[in-house]
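One-based numbering, in listed order, for ligands and for the atoms of each.
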Amino acid sequence: TQAVLFCSTLDIFPTLVSLANATLPPNRRFDGIDISEVLFGSSRKGHQTLFHPNSGAAGKYGEIQALRLDQYKAFYLTGGAKACDGSIGQEAHHQPPLIFDLQHDIQEQEPMDIQSAEYRSLLPLVNKSLMDILQDIVSDNVSIADYSHDKDVIPCCNPQHLVCRCESACSNLSLEKC
Ligand SMILES: *[C@@H]1O[C@H](CO)[C@@H](O)[C@H](O)[C@H]1NC(C)=O
Ligand SMILES: *[C@@H]1O[C@H](CO)[C@@H](O)[C@H](O)[C@H]1NC(C)=O
Ligand SMILES: *[C@@H]1O[C@H](CO)[C@@H](O)[C@H](O)[C@H]1NC(C)=O
C-alpha cells in the first residue's frame with residue numbers, strides 16, 4: 001500500500017520561497033515544508049504529522065488538541081462547535097485521546113478500541129508528536145506582527161464561501177459582504 005501523503009496550506013510559503021530560488025530566514029523553524037517536488041511529481045514526501053489548533057469552538061483558542069500522524073487522527077478535545085441552526089455539540093475532553101484510522105474510517109465515525117494492540121502502540125507516538133511540537137513552539141523565535149485586527153486579512157463574508165456558512169455569524173462579526 002502507498003503511504004498516505006498530506007500537505008498543508010502552511011507549505012505554500014516555503015514552497016514559493018524555494019521556487020523563487022530564495023531561502024527561508026534561518027533564525028526560526030517553519031511548520032510548512034517545501035513541497036515543490038511533490039507538485040512536480042518527483043516525490044511523495046509530505047508531512048508525517050500535522051497539528052490542528054483549536055479554532056475557537058471548544059477549548060482554548062489556538063491550543064493544539066488534535067493532530068494527524070500518518071493515517072491516524074487523534075483528538076484530545078471534541079465538540080463545542082456551533083452549527084448554523086444554533087445547536088452546539090457537547091464539548092468533551094479525551095484522555096487518552098480518541099484515535100481514528102482514516103485509511104479505514106475517513107469520516108471519523110468509530111474511534112479505535114483503546115485496548116487494541118494497534119492503539120496501544122500508537123499512543124506513545126501520538127503523545128511524543130504532541131510533546132515535540134509544544135516544545136518546538138516554546139523554544140522557537142516567534143513573529144511579533146499581529147494581523148488579527150487587519151481588515152484586509154479577514155476572510156470576506158460571502159455566505160457561499162466555506163468559511164462563512166452562517167449569514168447571521170457574518171453580520172455578528174460586522175464583516176463586509178463581498
Ligand atoms: C532565534 O534568533 C536568534 C537571533 O537571531 C538566534 O541566535 C537563535 O538561534 C534563533 N533560534 C532558533 C530556534 O532559530
Ligand atoms: C504524554 O506522556 C507524558 C508521560 O507519561 C504525560 O506526562 C503527558 O501528560 C502526556 N501528554 C499527553 C498530551 O497526553
Ligand atoms: C448573533 O447575535 C445575536 C444577538 O446577539 C444572537 O442572538 C445570535 O445567536 C448570534 N448568531 C450567531 C450565529 O452567533
Side-chain angles (χ1 to χ4, degrees), residues 3-39 43 45-82 88-150 153:
V4 183
L5 167 70
F6 42 98
C7 301
S8 156
T9 49
L10 295 169
D11 303 332
I12 294 173
F13 180 60
T15 302
L16 291 180
V17 167
S18 157
L19 293 175
N21 267 326
T23 49
L24 291 167
N27 65 344
R28 68 195 66 183
R29 295 184 286 266
F30 288 82
D31 296 322
I33 57 176
D34 170 11
I35 55 161
S36 50
E37 290 186 357
V38 174
L39 296 178
S43 164
K45 191 167 168 10
H47 291 259
Q48 195 200 3
T49 49
L50 278 181
F51 302 93
H52 301 280
N54 295 340
S55 60
K60 190 164 166 240
Y61 181 81
E63 220 161 77
I64 298 174
Q65 294 182 295
L67 65 106
R68 265 187 81 164
L69 175 63
D70 294 325
Q71 81 208 52
Y72 304 98
K73 190 163 174 188
F75 293 86
Y76 290 86
L77 178 67
T78 53
K82 196 179 204 174
I88 300 182
Q90 185 111 39
E91 176 170 329
H93 293 256
H94 308 280
Q95 186 62 268
L98 301 180
I99 303 181
F100 297 89
D101 180 349
L102 302 183
Q103 193 111 304
H104 300 113
D105 180 19
I106 190 73
Q107 292 172 306
E108 302 166 13
Q109 287 189 317
E110 194 66 47
M112 293 169 65
D113 177 2
I114 63 172
Q115 304 297 342
S116 69
E118 192 181 10
Y119 183 99
R120 286 152 68 127
S121 64
L122 265 172
L123 185 57
L125 304 176
V126 167
N127 178 301
K128 183 172 186 316
S129 296
L130 189 51
M131 291 295 155
D132 286 351
I133 187 73
L134 296 178
Q135 181 58 36
D136 182 87
I137 290 168
V138 296
S139 65
D140 199 5
N141 292 322
V142 296
S143 169
I144 55 166
D146 178 6
Y147 298 106
S148 59
H149 299 292
D150 185 335
V153 298

Passes side chain to side chain contact (heavy atoms under 4.5 Å, CB included), Asp70 versus Gln48? Steps please.
CA-CA 5 Å; Asp70 294 325; Gln48 195 200 3; 3.1 Å; yes
Name every donor-acceptor pair, under 3.5 Å, that has one atom in a side chain of residues 24-32 and the other anywhere in the protein, sequence neighbours excluded.
from	atom 1	to	atom 2	distance (Å)
Arg29	NE	Asp136	OD1	2.6
Arg29	NH2	Asp136	O	3.3
Arg29	NH2	Ser139	OG	2.7

Rounded to the nearest 0.5 Å, how far does CE of Met112 lie from OH of Tyr72?
5.5 Å
Please indicate whether any nitrogen or oxygen in Ser139 is less than 3.5 Å from any nitrogen or oxygen in ligand 1.
no
Does the side chain of Leu77 come within less than 4.5 Å of His94's, by heavy atoms?
no
Do any nitrogen or oxygen atoms of Asp140 lie less than 3.5 angstrom from nitrogen or oxygen atoms of ligand 1?
no
With hydrogens left out, which residues have an atom under 4.0 Å from ligand 2, given that only heavy atoms count?
Tyr76, Gln95, Asn127, Leu130, Met131
Would a distance-only check, ignoring hydrogens and angles, find a side-chain to backbone donor-acceptor pair under 3.5 Å from Ser129 to Leu125?
yes
Indicate yes or no: at least one non-hydrogen side-chain atom of Ile137 is less than 4.5 angstrom from one of Ile64.
yes
Pairwise distance CG(Leu134) to CZ(Phe51) - rounded to 0.5 angstrom:
8.0 Å
Please work out, at 4.0 Å between heavy atoms, whether the side chain, the backbone, both, or neither of Arg28 comes within that distance of ligand 1.
backbone
